[in-house]
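A short worksheet on the structure shown next.
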Amino acid sequence: MDDLFLSFVPVNSILHRLDPRTKIIGLMLASICILKASSFMEITLIMFVFLILLFICHLPVMHFVRSVRPMLLFFAILFLVQLFFTEGTVIFSFKWLSVSYEGLVLGTIITLRFVFLLLFASLLTATTSPSRITAGIESFLRLLPLKHIGISSHDFAMMMSLSIYFAPLLYDNFRSLRDAQISRGLDIKKEPVKAIFSISIPLVATSVRRVEEVAMAMESRCYSGIGRTSMYVMEFRRMDYLFYLLYFFIFSFFTMPYFKGYIII
Amino acid sequence: MIYMIHINNLSYRYPDGTLVLDSVSMDVHKGEFVAIAGKNGSGKSTLLRHMNGLMLPSEGSVVVKGMDTIDSSFILNIRQIAGMVFQDPQSQFIGMTLEEDVAFGPENLGLPQEDIRKRVDMSLQDVGMQEYKHQTPGSLSGGQKQKVALASILAMKPEIILFDEVTSMLDPYSRGEILGLITQLHENGTTIVYVTHRLEELVHADRLIVMENGRITHNGYPRVILSQGNVVDSGFEFPPVIELAKRLCDSGFIDPACFPLSREKLMEALCQLM
Amino acid sequence: MSIDVRNVSFCYNKGTSLERRALDNVSLSVEKGEFVLIGGEVGSGKSTLIRHFNGLLKPQSGLVTVSGINSTNKAVRSKAVLLMQYPQKQLFGKTVFDDVSFGPSNFGLKGEALNKRVIDALNLVGLDHSVSALSPFSLSGGQMRQVALAGVLAMNPEYLILDEPTSGLDPENRSLLLSTLKKLHSTGISVIVVSHQVCELFPLAEKVVLLKHGSIAFTGTPAEYLRSVSSPLPEVTLLMKELNKAGFNVRDDIFSADAAFHEISNALVKKGVKRYG
């Protein structure tokens with residue numbers, strides 16, 4: 001099996017053992033910090049935090065490299081757009097294109113922001129099984145008045161975990177269909193439209209069938225959307241409180257204007 | 001005799017009017033191993049799916065341990081009592097790891113966390129997969145997945161297990177392993193209903209039901225039914241070794257009443273002749 | 001003319017922590033017109049090997065040629081054609097005709113010639129040409145498989161490679177498939193079947209290849225296989241071996257019910273065993 005984009009890797013580490021809610025809140029706070037980061041100093045600090053987490057999560061660096069790889073094209077476009085379309089001191093020009101110093105800085109920072117957003121998100125997904133993530137989100141949802149608009153938080157959580165669980169199956173299916181059609185002479189590069197049809201139609205057909213089968217398997221095992229319990233009971237342990245303490249310090253550092261004064265590009 | 005499943009004059013039509021089951025009546029007794037065989041489209045899987053209320057009769061009734069499947073207040077009870085394992089090992093997986101998948105049923109029953117854990121560990125142990133419990137299904141072979149599917153049903157502590165051609169997508173070795181697990185369950189008192197078209201899997205069955213065009217054509221001892229020549233076309237797979245046994249019966253070397261259904265039984269029969 | 005595999009090795013996820021060696025220095029040739037079985041357990045490298053035959057995978061070391069053409073050349077895909085496991089999943093055409101014509105039209109076949117190819121392929125797998133206007137999704141599972149097989153046959157392959165073609169088939173469709181394969185072989189097409197149940201195809205095969213942990217553990221005729229391989233063996237052969245041990249004097253290098261029946265009934269008659277009835 002290929003190691004997949006944003007997949008869960010079950011090993012034993014401090015991060016794996018944390019309560020999913022702690023990690024979800026952590027990701028939310030990290031996202032705010034990352035989106036607020038506007039200097040290389042701040043980006044470096046974020047990188048530092050990431051490296052520490054990377055060190056304690058016991059996962060190979062390659063896993064995270066692979067999480068970023070599928071998005072490389074997007075990052076490249078993002079960077080180039082900033083690079084060429086930001087006005088400022090011109091440092092290089094070629095025909096009608098010109099690169100400004102401000103563009104270079106802005107492009108690098110914005111691209112790195114997205115890279116780190118993705119890296120932190122993959123830290124959450126790599127160390128937390130999807131069902132724990134959904135259990136965590138479900139407990140947040142329970143605080144919302146969803147019942148009044150006719151949605152059970154169980155159904156919602158189940159829907160989420162099923163869609164996460166379907167992703168690798170879909171990818172597997174996609175690969176075997178691609179191989180099958182290539183074996184029948186399909187040239188994906190020369191005829192992209194034909195490729196899309198000949199792969200997506202059977203992909204949808206098999207997925208529909210599979211969804212029906214899974215629904216039947218769920219029904220057979222007494223799924224009814226109410227009165228469900230979970231194997232994972234969530235509880236905050238000492239380590240979780242320690243992390244909240246860390247969150248407090250790091251987050252206030254990034255948001256308090258007082259500290260900002262010390263940060264110079 | 002205690003009826004586990006009592007089916008009376010069951011007919012089932014697809015919404016477009018096609019008759020799939022045509023007034024089928026049969027019973028399954030406590031502790032029995034009933035095999036159901038027949039060609040594709042004979043209605044055998046449809047019949048099986050009536051036994052845990054996945055499908056509901058158009059006419060007639062299906063009663064599982066005194067509970068009519070048509071009464072929706074019984075349905076969760078019925079499905080806990082009668083668990084079902086399906087053909088495709090891939091599409092029964094609900095969860096990212098084996099442990100999560102097996103926990104799905106007990107979670108639906110609303111059990112406390114401690115019990116769920118205990119049941120997950122125990123049923124994975126029963127099928128010999130406990131060491132893989134944190135793995136993802138992608139890393140397993142078809143046979144291993146099917147064992148986990150069985151474990152996920154065992155975790156609900158069913159009294160009846162319904163098997164829908166569970167070995168048809170497996171290699172011979174895994175097939176043997178799964179069958180071994182099933183016969184063990186049977187010996188420990190679980191009632192088994194087993195849909196198959198593989199003859200050699202009937203060795204352990206107490207009773208064989210053969211279906212054709214939505215009707216039951218035979219219902220009785222496997223050996224007796226199989227020694228009658230007219231079931232050969234009923235969608236059975238005749239592996240060479242069974243074909244050999246059949247020819248030895250037909251030519252009078254072996255008593256047709258003791259029709260050997262496996263290589264081991266044939267060997268026994270031949271050694272007795274010496 | 002042959003498929004030649006020379007010293008091919010292949011690793012999945014090469015250079016990562018998930019590296020897994022699937023083929024280890026495999027050499028093998030499949031002659032034109034040969035019926036070859038490739039067996040081995042799950043994970044022995046069978047699927048990886050056949051994906052090299054039509055260039056879906058490129059050898060990381062070594063060389064694969066099909067009738068002299070390097071497998072990295074796309075031209076091999078019309079000569080060596082691969083039908084995947086559970087091929088009914090790959091159907092997508094609006095009609096059976098559309099689907100079956102997909103392969104040959106990708107290689108530039110058009111008009112009347114294309115029509116004829118499709119009809120011939122449908123006939124070859126035992127389908128009436130009247131199905132060609134139906135939607136493939138309206139057919140039964142068994143028929144969908146036949147359509148998928150027709151879809152690769154319409155490409156007029158020299159080598160037909162099938163991945164676990166009997167898996168999940170009911171007896172009726174299985175015997176239909178086997179007779180189709182026999183027919184194809186008799187027209188001069190090489191048939192290469194990958195299966196974890198090679199034994200059931202012994203009656204058709206000329207050559208058997210057994211893979212173990214990515215290497216070739218055995219190559220030879222079915223008869224040689226029965227003599228030199230200890231497992232997996234066909235049930236009938238196992239029975240004959242057991243009978244031999246028990247003091248019956250019977251040949252143990254046979255696998256068909258027919259041959260075994262003659263051996264056993266002769267032995268029984270010699271012993272003077274009485275018949276019933």
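Lettering of chains follows the sequences in order, A, B, ..., and the numbering in each one begins at 1.
By number of non-hydrogen pairs under 4.5 angstrom with chain A, the leading residue of D163(C), V152(C), L91(C) is L91(C). Contact count against chain A (heavy-atom pairs under 4.5 Å) is highest for Q90(C) among R77(C), Q90(C), K89(C). Between chain C and the residues I199(A), L203(A), I182(A), V204(A), the largest count of heavy-atom pairs under 4.5 Å involves I182(A). Top candidate by heavy-atom pairs under 4.5 Å with chain A, chosen from Q88(C), M84(C), K74(C), is M84(C).
Each of T127(A), N12(A), D240(A) was evaluated against R17(A); a single residue qualifies, N12(A), per the side chain to side chain donor-acceptor pair (under 3.5 Å) test. With L162(C) as the fixed residue, the side-chain contact (heavy atoms from CB on, under 4.5 Å) test singles out one of I192(C), I50(C), V191(C): V191(C).
Using a cut-off of 4.0 Å between Lys/Arg side-chain N and Asp/Glu carboxylate O, R117(C) and D120(C) are scored as not salt-bridged.
Both the backbone and the side chain of L186(A) come within contact range of chain C, judged by heavy atoms closer than 4.5 Å. Proximity to chain A (any heavy atom under 4.5 Å) is restricted, for F137(C), to the side chain, taken from C-beta onward. With a 4.5 Å cut-off on non-hydrogen atoms, T206(A) touches chain C through its side chain but not through its backbone. Using a 4.5 Å cut-off between heavy atoms, A205(A) touches chain C through its side chain atoms alone.
Annotation: F120(A) is in aromatic contact with F50(A) [ring centroid separation under 6.0 Å].
F174(A) and Y171(A) have parallel rings, their planes meeting at less than 30° on a 0 to 90° scale where 60° marks the start of perpendicular.
Taken to the nearest 0.5 Å, the CE atom of M144(C) stands 12.5 Å off from the CG atom of N173(C).
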